[in-house]
Structures are given as C-alpha cells and as structure tokens.
Amino acid sequence: KRRRRRTSQRRLSSSNQDCFCFQYYEKAGAVIQEDISEASLIIGVKRPPEEKVYPHKTYAFFSHTIKAQEANMGLLDDLLKKKIRLIDYEKMVDANGYRIVAFGQWAGVAGMINILHGLGLRFLALGHHTPFMHIGMAHNYRNVSQAVQAVRDCGYEISLGLMPKSIGPLTFVFTGTGNVSKGAQDIFNELPCEYVEPHELKEVSESGDMTKVYGTVISRHHHLIRKSDRLYDPLEYEIHPELYTSHFRETVSKYTRQLIGSPSAVITSNGKLTPKFEYIQKLRERRESEQILKKGGMKRVLLLGSGYVSGPVIEYLTRDAGTQVTVASNLLNQAEDMAAKYPNTIAVMLDITRQEGHLESLIKDHDIVISMLPYTFHPQVAKQCIKMKVNMVTASYLSPAMKELQKSAEDAGITIVNEMGLDPGIDHMLAMECIDQAKADGCTVESYSSFCGGLPAPECSDNPLRYKFSWSPYGVLLNTISPAIYLKDNQVISVPPGGALLDVTKPMDFIPGFNLEGFPNRDSTKYAEPYGIESPRTLIRGTLRFRGFSSAMSGFVKLGLINTEPCPLLGHTASPVSWKELLCKQIGLSTSVSSSVFEDAIYERIGRDDFRMQSLRWLGLLSEEPVPHAETILAAVAKHLEAKLSFAKGERDMVIMRNDVGIRHPTGELETKHISLVVYGDPNGYSAMAKTVGYPAAIAVRMVLNGELTTKGLVVPMTKNIYSPVLKRLQEEGLQCITKSTISE
Ligand SMILES: NC(=O)c1ccc[n+]([C@@H]2O[C@H](COP(=O)([O-])OP(=O)(O)OC[C@H]3O[C@@H](n4cnc5c(N)ncnc54)[C@H](O)[C@@H]3O)[C@@H](O)[C@H]2O)c1
Ligand SMILES: N[C@@H](CCCCN[C@@H](CCC(=O)O)C(=O)O)C(=O)O
C-alpha cells in the first residue's frame, strides 16, 4: 500500500499537463497504481504505446483503424497477434445506430479556432498578411468568450476588406453534420459568413464578395456516385462501397481553401478482425496489390519469411532490375528493415496461421513463391501455389506432407523445388556431381559420409555450448531430439528419438585444427536410392558442432527442456514462471525448496556432470529469470537461448561441410574423395549460413523464372541439369569447395 501511495504521489507531481489531476481520481475513489496488468478492461482516449499493450486484455480507445489507415496498421497487427479485444468508441452506437461516445461540440470549437490560427500562419508563410494572423491557439484563451472575441475581431477586419485580393474569397467546407462539425460551424458563424450549396462553390470562389467568407456543409450524396450510372443509393453504398466513386476532388475541394472534417464497436477479438470489420483487411490487400502491380513488366517473387537466411535471396534476385521481390512476414518490422536495403522490394505483413485469404491474394500477384518460413508451413503454402498455379522454391526437406502433393503439383503444371539450401542442398549437389562422375568413369560408389555444421567462427565460440544461432533456433534445438538411422560398415544403426543421438556423438578430426564432434542427422539410408548408390557399405549424413555441445545439450534433454508438448503453464495469459520454478515442476520438486536443494536435485538429474551444470548456470536456466511465454517448453527455451546465443555486432559465423565419397575403381583401387566447403560469414554482412542457403534458393528461383528449370511436380537438386549450373553460379558467389583424394587397396 505504501509503495502504491509513493508511486501515485510521484506521478501526481508530474501530471500538471493533464486536465484532471490524480487527486480528483483519488477523491472519486480510484486506486492509483502504475502497474495495470491486473485490469481486465483498459480504457484510454488514444492508442497505448505498442510495447505497453498487454496480451489477452480488453482495450477501449479511438484506434483509427476502421478505414485501414496505414499509420495504424502496425497497431492493428499487434492487437491481433496479442489476441486483444479492441472496442473502438467510434463504433459504439445505441439501439438506433447513433454514436454514444464521440468527440463533442467542443472538439469542433477548439479545432476550428486552431484551424483559423493555422490558416493565418500558412498565409503568412506564403507572404500574405491576413486578419487570421491575430487568432491564437485555442489553449491560449482563458475561456471561449475570449477566443470568440478574437475570431470576431478577425471577422471585422475581413468585413473591412482587409483580406488580400490575391487570395480571393475564402471558402470553407464542412464534411459531416455531427457534433464536431456543429462546434466548428459555431466558430465559423462568428466571421462574416454566407452558406452556399456545394454546386455554388465554383462561382463564389471565383467571383464572391471579398468582405465575406463562404461555407458549405457536405454529405455523402453531394459527392458519391455509382460508377455505372452516376446515381447514389445510400443503402447499396454501405454494402458495396467499391461500386462507387467520389467527385469530391473535382467539384468540391478544387474550390476550397480549407476543409473542416468531423471527423457494436468491437474491432479485434481473439486474434481476428470481427466479421463486421473484416473489410479492413480487404482494404489493405487491395492497396497492397496495387502497390505490387504498379510497375509493369516486372518478374514478381514472393518471399515468405524475413528471418536468418532471407537476406541474400533478395540481394541476388534484385540484382536484376526487372525483378521485384515482395517480402512477407508476421514480423512486419523485420520485413521492412530487410526490404529497405534493396531496390524493388516491398514489405508486407502476413501471418499465414490466420490469413489464408491474404496468402492466396499475394500468391496470385506473383510469378513464383519462395518459402523461408518454418518448414511446417510449406505444405500450406504449396497447396495455395498449386491452386493458383504458381511455382515455388524451399530450402527445406521434402517432407511426407509435401510428397503427398506430387500429383496435384504435376497436374497444375507447376514446379516445386525443395531441399535447395545448404544441408539439404549443396550437400546433395556436391554428392551427385561426384557420384555421377564416378559412374561415368566406370567406378562404383561404396560409401558416402557427409557432415555439415553451421557454427560460430572459433573466435566467437565463447559460451559453454560453443554455439550461436545462424538459423532458426527452434529448428536447431528440435533436431537434437530427432531419431536417426544410418549405415556404418554394412550395419544399420537406429537411434531412437528423445535425445539419444547426443549419446552417439563422435569426435570428428578431418580438419584437425577445429575441435569438432558429429552426430547423425535424420534417416541417411533413404538417400541410397536417389543418390544411385546401390549397395553402400557406409551411408551417413550428420551434423557438426564444436566439442562439448552434445554433452551440454543432453543435460537440457534430461531436464525435459527439449519438449514439444503444449505447456499451458507458459501460456500468454498464465502468470510468469521462473526457470527455477519450471525446472522444479519438471523434476517433481516443490517450488519452495531452497536453492541448494534445487541445485543438488538438478545435479543428480544431469548425471552429476560439472560441465552440464556450468552450462545451465551460464545460460540462466537455474535462475529466477522469467521463462518467456510460449506454447511449449522447447519454444520458450528457443526464445531464451536466442537472446543468449546470438552473434554480437562484428562477430562472424562459419559453415563447414565435408563429404567423403568412397569410390571403387575398375582396377580394384579404393579412392576416397574428400570434398570440403568452409565458408565464413562477413562480420558486418551476411552470415555464412545465409549465403549458403539463400544463394542456392535464389539461383533456383532465377532458373525457374528464366525457363532453365521446367520439370513439373516436386523437384530436388540431384540431377545434372540442376546441380551443374547451380554449383557453377555458387562458385561465382565465392562458395567454392576443395577436393582431395586418398587411395587405398
Ligand atoms: N537447407 C538448409 O540448409 C537450411 C538452412 C537454414 C534454414 N533452412 C530453412 O529455411 C527456412 C528459413 O530459415 P530461417 O533460419 O531464416 O528461419 P527463421 O526462423 O529465422 O525465419 C522464419 C521467418 O518466418 C516468419 N514467420 C514465422 N511464422 C510466421 C507466420 N505464421 N506467418 C508469416 N511469417 C512467419 C518469421 O517471422 C521469420 O521471418 C526454414 O524453413 C529453415 O528450416 C534450411
Ligand atoms: N546440419 C547442420 C546444417 C543445418 C542447416 C539447416 N537445415 C535444416 C533444414 C530443415 C528444413 O527446413 O527442412 C535442418 O533441420 O537440418 C547444422 O545443424 O548445423
């Protein structure tokens, strides 16, 4: 209570710009406090700052969104994302449809005084001394009578003919007949004024009396006409505004100096626009489509996602002045920041989980779609591409859900390129180039091993995991609990899901200067057939990390932190939980245990391993820090670690790929080709991961657009017509591998 009191007093001393100070509220029984997170309804006049909007609450304010006003669309997106119920005063009406919360007459009075003041300043800036110059801002007058007196004085001077002739008779248009308009007219009436009909504006503006000002009040029927027959039907206009056009510009505003405008109610609810306001989205889409189609003769690429690896995609494609990229993301700021760096690039907001129609309308306006979204979204995008007959590229594995679309993609006559990144992507292309050559030389391929890692450069590996994120953190962490199957010396080895692959991690010494370890990646055996390796002895694809990663990560797994089950405890409406509390729940401890009991229990659970313990501590996972809100524990861990394990300014990442292909020559010799690709990120530019994923994907887009890649249906880059030009173009981007051979009997 005492703390609250102090807070309110502090606020009281700084509230002298408010009309009503806090004492009045307190007198009326209000409890004053800074933290309003417990309120279920938050009311205000104008929009709250975006960072102060609490999710899942009901807010009431003037949002200025109902005409899809561009400046407030970011706010609307934020409210939808945070599942806020927005009540807008502008749309609160009584049973007869009349507004019940509105700016009243005084808004018009004050506004009109300010407008006349502004008019004086404007004319002065244009070099005209006018009677309006002596009218001050409304708040400079002690009361309305004083302000009215100033307006009358101005009117008196106008009636004496003191308005400059070069300006001509002044005309004022009042749009609307509501309270604000009436208040504005009350002030206007203090000038020597005459009201005319809208159609008389032309005449009075040209040859009216210079000792007067003219006004007109305009309603919809004065300027709206049906496009087909120039008539106005008020009922139809409400339902089909798109059938109407306005001649306001030609017949009204052209003859005016100054325009005075007056200016169910729930707009958003539960992450959606309510049915009555769904038109706002349509308005936005129409505007967006106009912008996308504005420049004729362009090849249009829709890039979905503006995350870690999207930058080089845009950079590569927009080198061609005839290509335009639309980058769409649920994080509009991220997309805007990215778009701002390139020519012919437009950013749009799209959340594909709740804007299926918007996705469709975007796809329809483009020649090709490239999905750099989390891979679970690709099938949804692919279905829309099939429906709209638009080609598509992804850098992701050809998942079972994508494979199901083979026939419909073929029937639609479209190309869907998959696995066009680094791993999968460049690994396949290097493998197939080597395997096809070996076969052409009459050799047999006996073994294939491919390991790849997206890593921090060694000098930036300064954390217990020796890892920093260069691509989707959720994906990186999820892969640690994936199952794996591989073939080693003719033995099939299966690794069950749930983190067991971290226990089969082996040191990798092919580049001895790097302290690497490797673990298997998914099902490697399924590549025997597409690679054309008939009876391989060894077939393994794997992931590289710096040594220590797997051990530290298996500590996370043992504590249940890599868990994809829904976790209501962390939901957006749930009270904040600390990492300590969450881990207590995970391992069945009371949340009130002492720190030492808690840490002892954790130590036991992670196999009494000091390095794992240190890692957990370093990453703040044993602390009282709050766990980010998320749907699952894994998503919360990903958010938390993303903040801790990100590249600082000036730091760089590194990609290492190593393919070893065992080739039996007809002579009986066994040659092993060692193909290595090592790429560093540019400290202040693209990461190595972004280049090695973004460029192959962009090259594939270019090939489809140019008609160099015309195969219909689902395509992977394992055939010469694809890998040959792509590898060549990657070399031109500086992505060059080194091949060495060793021979044994
Ligand atoms: N083949 C490879 O070598 C390789 C390497 C890295 C990434 N990838 C794949 O490339 C894709 C992009 O990777 P990334 O690291 O840039 O991922 P990221 O997580 O950094 O970016 C994902 C992007 O999608 C946006 N997004 C998320 N949910 C959305 C939604 N509901 N609606 C609209 N936009 C949404 C995000 O805001 C972000 O811009 C992923 O599918 C990833 O698995 C492949
Ligand atoms: N295996 C390496 C490189 C991974 C590149 C990302 N590949 C993603 C592709 C996922 C997809 O989009 O289908 C992966 O999960 O392996 C490493 O982990 O460092």
Side-chain angles (χ1 to χ4, degrees), residues 77 80-81 271 302-313 327-338 347-356 358-359 362 370-381 393-399 401-402 417-429 450-456 467-480 482 484 501 516 518-522 541-546 549 553 635 638-639 642 646 653-658 677 679 687-697 700 716-717:
D77 292 334
L80 289 165
K81 205 174 329 148
L302 173 61
L303 168 63
L304 301 175
S306 49
Y308 284 94
V309 301
S310 287
V313 176
V327 49
S329 171
N330 64 340
L331 302 178
L332 182 60
N333 290 349
Q334 192 186 60
E336 282 175 340
D337 288 350
M338 196 165 265
V348 300
M349 152 76 199
L350 168 76
D351 183 341
I352 84 155
T353 58
R354 56 177 181 80
Q355 294 179 325
E356 184 86 355
H358 188 195
L359 173 66
L362 279 171
I370 167 160
S371 179
M372 286 292 179
L373 297 173
Y375 56 80
T376 47
F377 292 132
H378 300 333
Q380 182 191 344
V381 177
V393 171
T394 84
S396 296
Y397 283 103
L398 184 50
S399 64
M402 287 294 278
V417 184
N418 308 269
E419 309 203 6
M420 199 42 142
L422 166 71
D423 166 18
I426 296 180
D427 58 342
H428 293 328
M429 294 188 273
S450 172
F451 277 80
C452 177
L455 299 159
Y467 186 77
K468 285 181 183 164
F469 295 107
S470 58
W471 65 284
S472 160
Y474 187 89
V476 171
L477 296 173
L478 183 67
N479 284 353
T480 60
S482 144
L501 55 77
L516 296 171
F519 52 82
N521 182 4
R522 301 179 168 84
R541 298 173 74 253
T543 288
L544 295 172
R545 294 285 179 260
F546 286 127
F549 176 91
M553 193 50 74
K639 276 191 199 171
E642 184 168 25
S646 61
D653 73 325
M654 175 178 72
V655 154
I656 302 178
M657 179 178 283
R658 166 73 162 220
L677 175 75
V679 180
S687 70
M689 181 59 77
K691 288 190 278 188
T692 53
V693 178
Y695 286 138
V716 284

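First listed ligand is number 1; within each ligand, the first listed atom is number 1.
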Evaluate side chain to side chain contact (heavy atoms under 4.5 Å, CB included) for V716 paired with H428, printing each intermediate quantity in order. CA-CA 9 Å; V716 284; H428 293 328; 5.5 Å; no
Would D653 and K468 count as a side chain to side chain contact (heavy atoms under 4.5 Å, CB included) here? Give the steps. CA-CA 8 Å; D653 73 325; K468 285 181 183 164; over 6 Å; no
K691 and V655: side chain to side chain contact (heavy atoms under 4.5 Å, CB included), yes or no, with the steps? CA-CA 10 Å; K691 288 190 278 188; V655 154; over 6 Å; no
Could you give me the CA-CA distance, side-chain angles and deciding distance for S310 and L303, then say whether side chain to side chain contact (heavy atoms under 4.5 Å, CB included) is met? CA-CA 8 Å; S310 287; L303 168 63; 4.0 Å; yes
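T543 contributes atom OG1, which lies 12.0 Å from atom CG of L516 (distance to the nearest 0.5 angstrom). Atom CD1 in I426 sits 11.0 Å away from atom OG in S450 (nearest 0.5 Å). With values rounded to the nearest 0.5 angstrom, C452 atom SG is found 8.0 Å from L677 atom CG.
Considering only non-hydrogen protein atoms, atom 33 (C) of ligand 1 sits nearest to L350 O, 2.9 Å. In terms of protein heavy atoms, atom 7 (C) of ligand 1 is closest to W471 CE3, 4.0 Å. For atom 40 (C) of ligand 1, the nearest protein heavy atom (residue, atom name, distance) is L373 O, 3.2 Å.
Between M349 and E336, the closest side-chain pair of non-hydrogen atoms is not below 4.5 Å. Within the 4.5 Å cutoff, the side chain of F469 has heavy atoms near those of the Y308 side chain. Two residues are said to be in side-chain contact when any heavy atoms from C-beta on lie closer than 4.5 Å; T394 and Y375 fail this criterion.
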Give every donor-acceptor pair under 3.5 Å between a side-chain atom in residues 470-479 and any protein atom, sequence neighbours left out.
{"unit_1": "S472", "atom_1": "OG", "unit_2": "G475", "atom_2": "N", "d": "3.2"}
{"unit_1": "N479", "atom_1": "OD1", "unit_2": "R522", "atom_2": "NH2", "d": "3.4"}

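Every atom of ligand 2 is numbered from 1 in the order shown, and the set under 4.0 Å from a heavy atom of G454 is 17 (C), 19 (O). Taking every non-hydrogen atom of G305 and a distance limit under 4.0 Å, the qualifying atoms of ligand 1 come out as 23 (C), 24 (O), 39 (O). Residue L422 has at least one heavy-atom neighbour below 4.0 Å for each of these atoms of ligand 1: 1 (N), 2 (C), 3 (O). Close contacts of ligand 2 with S396, meaning ligand atoms under 4.0 Å from a residue heavy atom, involve 11 (C), 12 (O), 13 (O). Within ligand 2, the atoms closer than 4.0 Å to a non-hydrogen atom of G453 are 19 (O), numbered from 1 in the order shown. Applying the 4.0 Å criterion to heavy atoms of Y375 picks out, from ligand 1, the atoms 41 (O), 43 (O). Listed by number with element, the atoms of ligand 1 under 4.0 angstrom from any heavy atom of D351 are 30 (C), 31 (N), 32 (N). Counting atoms of ligand 1 from 1 in the listed order, those under 4.0 Å from a heavy atom of S472 are 15 (O), 17 (O), 19 (O). Those atoms of ligand 2 that come under 4.0 Å of a heavy atom in N479, given as number and element, are 14 (C), 15 (O), 16 (O).
On a distance-only criterion, V693 and ligand 1 share no N/O pair closer than 3.5 Å. Taking only nitrogen or oxygen atoms, main chain and side chain alike, A328 does not reach within less than 3.5 Å of ligand 1. Remark: ligand 1 and S310 share no N or O pair separated by less than 3.5 Å (distance only, no angle test). Not one N or O of S470 is nearer than 3.5 Å to an N or O of ligand 1, by distance alone. For the pair N330 and ligand 1, the shortest N or O to N or O distance falls below 3.5 Å. Of the N or O atoms in V309, one or more lie within a sub-3.5 Å distance of an N or O in ligand 1. At a 3.5 angstrom cut-off on N or O pairs, M689 does not count as close to ligand 1. An N or O contact shorter than 3.5 Å is missing between H378 and ligand 2 by distance. In terms of N/O distances under 3.5 Å, ligand 1 is not approached by L331. Backbone and side-chain nitrogen or oxygen atoms of A395 are examined, and one is located within less than 3.5 angstrom of a nitrogen or oxygen of ligand 1.
A heavy-atom separation below 4.0 Å is not found between E419 and ligand 2. Residue contact check for ligand 1: Y397 places no non-hydrogen atom closer than 4.0 Å to it. Ligand 1 lies less than 4.0 angstrom from a heavy atom belonging to S396. Note on ligand 1: P374 sits in its first shell, one or more heavy atoms being nearer than 4.0 Å. Heavy-atom distances between G475 and ligand 1 stay at or above 4.0 Å for every pair. At least one heavy atom of C452 sits closer than 4.0 Å to an atom of ligand 2.
A donor-acceptor pair is defined here as one N or O able to donate and one able to accept, closer than 3.5 Å; no such pair exists between the side chain of Q334 and the backbone of S329. The main-chain N or O of A335 is never found under 3.5 Å from a side-chain atom of D337 such that the two would form a donor-acceptor pair. A distance-only check finds a donor-acceptor pair linking the side chain of E419 to the backbone of L398 [under 3.5 Å].
If you look at Y474 next to ligand 1, there are no close heavy atoms at all, none under 4.0 Å. Counting heavy atoms under 4.0 Å from ligand 1, residue L304 does not touch it at all. No part of L478 comes within 4.0 Å of ligand 2, judged by heavy-atom distances. Neither the backbone nor the side chain of M420 comes within 4.0 Å of ligand 1, counting heavy atoms alone. Contacts of Y397 with ligand 2, taken as heavy-atom pairs under 4.0 Å, involve both backbone and side chain.
Taking each of M372, M349, Q334 in turn, the one with a heavy atom nearest to atom 22 (C) of ligand 1 proves to be M372. Looking at L422, L455, V476, D423, it is D423 that brings a heavy atom closest to atom 5 (C) of ligand 2.
Across all their heavy atoms, R541 and D423 have their closest contact at NH2-OD1, 2.7 Å. In terms of heavy-atom proximity, H378 sits nearest to S371 at ND1-OG, 2.8 Å.
Only one option out of T692, L544, L422 pairs with M657 in a side-chain contact (heavy atoms from CB on, under 4.5 Å); it is L422.
With respect to the salt-bridge test (charged N to carboxylate O, under 4.0 angstrom), the residues K81 and D351 do not qualify.
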